[in-house]
Undergrad: 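Dropping the structure in here first, questions after.
Count residues from 1 along the sequence. All of these numbers come straight from a predicted model, not from anything done at the bench.
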Amino acid sequence: MSLTSELKNRNSPIRRWFDSRLNKIVIKMITNHNQLLENQEIIRPIDGVDFPLVGSAMPSAGVAIAKALAKYLGNIYEDQTWFTNCLAQVGAKALKIEYAFDYCITNSNSLEEEALKCMLLGALENYARSRNIHEIIQPFLQGEKTLQLEAQYFKKWLPSIQDTSQIIGILPRTWQTVANQVSGNITCNASYLLSEYLGGADCQIIAGNTLIDVRTTAKKRPFSLENFYQQISYVLLDSNDTYRINQLVWFYSRQQSVFFYPTNKIFRDLRATREEFRKMILDNYETNRLAEQNKCLYLPQEG
């Protein structure tokens with residue numbers, strides 16, 4: 001059970017809770033988003049691309065573009081510890097290939113090199129979630145410590161590398177539309193006290209007080225009600241206001257579009273809504289033992 005699966009299930013307690021509060025303002029917001037996105041030029045996927053690895057509409061997937069954006073934000077906001085306790089690091093530690101993670105978070109000499117590094121980070125994150133080993137990280141399990149790999153390896157992953165490269169190349173220009181409204185340290189895969197009730201639910205990126213959702217899809221109208229519910233869930237799961245989220249960003253990488261909302265434009269009373277949400281979670285869900293054991297990996301450390 002995960003937050004994503006619960007939001008897709010129209011009979012789940014959390015989905016029923018959201019649907020009972022659905023109003024015309026939210027429907028209009030989603031409609032307006034999709035109308036704007038429909039008219040945007042889309043960066044088309046290259047034939048042969050590995051969609052789950054590069055990026056998909058599913059935020060639970062370990063995606064390269066989300067890693068690329070987090071890395072870029074760490075650079076421009078001068079946060080040299082943006083990667084601390086992220087799931088890719090957790091996956092690398094579990095596989096005992098920390099050196100692969102350390103290499104992937106360094107700066108690159110080309111877009112292609114950066115693309116492959118972010119793809120590897122995505123595969124490591126996916127391992128932390130699912131314990132499934134993606135074949136792209138196999139050479140590192142055999143002791144390969146740089147990207148000086150065999151030609152056959154690059155040939156196999158070339159479409160995905162090229163696709164990721166073309167998106168990474170426009171990330172800075174796309175982000176500039178909101179760059180002046182966001183600042184602060186970067187937290188990847190942030191989790192919350194209530195996450196253990198929903199399979200260890202974690203968001204993609206928090207930059208300062210801004211919650212960021214990265215979507216990499218070629219759909220013309222990609223913004224769904226479930227997408228909206230998911231991002232709002234992360235705000236509400238932060239019941240003790242650990243991250244002090246006051247802004248939301250939806251980042252559509254292939255459409256080169258960003259949507260920005262202060263939370264006070266979405267919630268009339270965030271504190272009261274969080275308390276209602278917390279009560280619903282506690283009344284309908286039990287803690288996930290594995291998530292409870294691992295939550296220390298994701299929560300901010302005191303110091």
Side-chain angles (χ1 to χ4, degrees), residues 1-22 26-27 30 33-34 50-67 86-88 90-91 94 122-134 188-206 211-217 219 221-239 245 248 250-252 273-274 276-295 297-299:
M1 183 272 293
S2 66
L3 174 60
T4 303
S5 63
E6 285 296 282
L7 290 174
K8 283 188 169 185
N9 179 3
R10 293 181 179 274
N11 294 316
S12 71
I14 191 170
R15 178 60 187 258
R16 291 200 307 269
W17 188 88
F18 273 117
D19 284 345
S20 70
R21 290 158 175 77
L22 182 61
V26 172
I27 294 173
I30 293 172
H33 273 208
N34 281 324
D50 185 320
F51 284 104
L53 188 61
V54 173
S56 72
M58 296 296 294
S60 60
V63 294
I65 302 304
K67 300 301 104 184
C86 72
L87 284 180
V90 173
L124 289 171
E125 177 176 319
N126 209 35
Y127 178 78
R129 295 183 187 281
S130 66
R131 291 302 187 264
N132 291 325
I133 298 177
H134 195 287
C188 295
N189 307 122
S191 193
Y192 317 92
L193 289 176
L194 291 176
S195 292
E196 63 197 49
Y197 292 87
L198 291 165
D202 63 279
C203 69
Q204 288 180 330
I205 306 169
I206 297 176
L211 178 66
I212 304 168
D213 185 26
V214 183
R215 298 276 160 178
T216 302
T217 171
K219 292 179 180 178
R221 299 175 65 85
F223 191 44
S224 69
L225 188 58
E226 288 81 6
N227 296 162
F228 177 79
Y229 285 167
Q230 183 125 17
Q231 188 80 322
I232 298 304
S233 293
Y234 295 136
V235 178
L236 299 179
L237 283 169
D238 192 13
S239 56
I245 297 165
L248 303 179
W250 279 274
F251 187 97
Y252 287 87
T273 306
R274 276 177 168 158
E276 292 176 19
F277 187 78
R278 187 185 73 85
K279 186 177 185 305
M280 179 274 297
I281 294 293
L282 296 179
D283 287 347
N284 291 280
Y285 294 94
E286 296 180 354
T287 59
N288 178 291
R289 188 170 298 174
L290 180 60
E292 189 172 7
Q293 291 171 352
N294 290 339
K295 69 180 180 181
L297 293 174
Y298 316 127
L299 292 174

Undergrad: Could you state the interatomic distance from CG (Leu3) to CG (Leu237), rounded to the nearest 0.5 Å?
TA: 6.5 Å
Undergrad: Taking atom OH of Tyr127 and atom NE2 of His134, what is their separation to the nearest 0.5 Å?
TA: 14.5 Å
Undergrad: Taking the side chain as C-beta and beyond, is there a heavy-atom pair between Asn189 and Arg129 under 4.5 Å?
TA: yes
Undergrad: Centre of Trp17's six-membered ring, under 6.0 Å away, within 45 degrees of the axis: is that where NZ or CZ of Arg15 sits?
TA: no
Undergrad: Say whether, by atom type as modelled, one donor and one acceptor occur between the side chain of Arg16 and the main chain of Asn11 under 3.5 angstrom.
TA: yes
Undergrad: Met280 and Tyr285: which non-hydrogen atoms are nearest, and at how many Å?
TA: SD-CE1, 4.3 Å
Undergrad: Minimum heavy-atom separation for Ala88 and Leu124, please, with both atom names.
TA: O-CB, 3.6 Å
Undergrad: So how far is it from Asn132 CG to Asn126 CG, rounded to the nearest 0.5 Å?
TA: 7.0 Å
Undergrad: Can you check whether Ser12's main-chain N or O pairs, donor with acceptor, with Glu6's side chain at less than 3.5 Å?
TA: no
Undergrad: Hey, could you give me the CD/CD distance between Gln231 and Glu226, rounded to the nearest 0.5 Å?
TA: 14.5 Å
Undergrad: Any idea which heavy atoms bring Val214 and Ile65 closest together, and the distance?
TA: CG1-CG2, 4.0 Å
Undergrad: Would you mind reporting whether Asp238 and Leu193 have side-chain heavy atoms less than 4.5 Å apart?
TA: no
Undergrad: Using the rule side-chain contact (heavy atoms from CB on, under 4.5 Å), only one of Asp202, Asp213, Leu211 pairs with Tyr234; which is it?
TA: Leu211
Undergrad: Judged by atom type as modelled, is there a donor-acceptor pair below 3.5 Å linking the side chain of Ser195 to the main-chain atoms of Ala201?
TA: yes
Undergrad: For side chain to side chain contact (heavy atoms under 4.5 Å, CB included), just list the numbers for Arg21 and Glu276, CA-CA rounded to whole Å, side-chain angles, deciding distance to a tenth of an Å, and then say yes or no.
TA: CA-CA 12 Å; Arg21 290 158 175 77; Glu276 292 176 19; 3.4 Å; yes
Undergrad: Rounded to the nearest 0.5 Å, how far does CG of Leu87 lie from OG of Ser191?
TA: 8.5 Å
Undergrad: Between the main-chain N or O of Ser5 and the side-chain N or O of Asn9, is there a donor-acceptor pair closer than 3.5 Å?
TA: no
Undergrad: Is there a side-chain contact between Glu286 and Glu196 in this structure, where contact means two heavy atoms from C-beta onward sitting under 4.5 Å apart?
TA: no
Undergrad: Between Leu7 and Leu225, is there a side-chain heavy-atom distance shorter than 4.5 Å?
TA: no
Undergrad: Taking the side chain as every heavy atom from C-beta outward, state whether Tyr197 and Asn284 have any atom pair closer than 4.5 Å.
TA: no
Undergrad: Taking Asn34 for the side chain and Phe223 for the main chain, is one N or O donor matched with an acceptor at less than 3.5 Å?
TA: yes
Undergrad: List the atom of Phe228, the atom of Ile30, and the distance in Å for their closest heavy-atom pair.
TA: CB-CD1, 4.2 Å
Undergrad: Check whether any side-chain heavy atom of Pro222 lies under 4.5 Å from a side-chain heavy atom of Tyr252, and answer yes or no.
TA: yes
Undergrad: Return the set of residues passing side-chain hydrogen bond (donor to acceptor under 3.5 Å, both in side chains) with Arg221 (not counting sequence neighbours), or none when no residue passes.
TA: Glu38
Undergrad: Would you find a donor on one side and an acceptor on the other, under 3.5 Å apart, between the side chain of Arg274 and the backbone of Val235?
TA: yes
Undergrad: I need the minimum non-hydrogen distance between Cys188 and Cys86, along with the two atoms involved.
TA: CB-CB, 3.7 Å
Undergrad: Rounded at 0.5 Å granularity, tell me how far CZ in Phe18 sits from CZ in Arg10.
TA: 14.0 Å
Undergrad: Report yes if the side chains of Ile212 and Trp250 come closer than 4.5 Å at any heavy-atom pair, otherwise no.
TA: no
Undergrad: Indicate yes or no: at least one non-hydrogen side-chain atom of Ser224 is less than 4.5 angstrom from one of Tyr229.
TA: no
Undergrad: Please find the pair of heavy atoms, one from Gly91 and one from Ala128, that lie closest to each other, and give the distance.
TA: N-CB, 3.8 Å
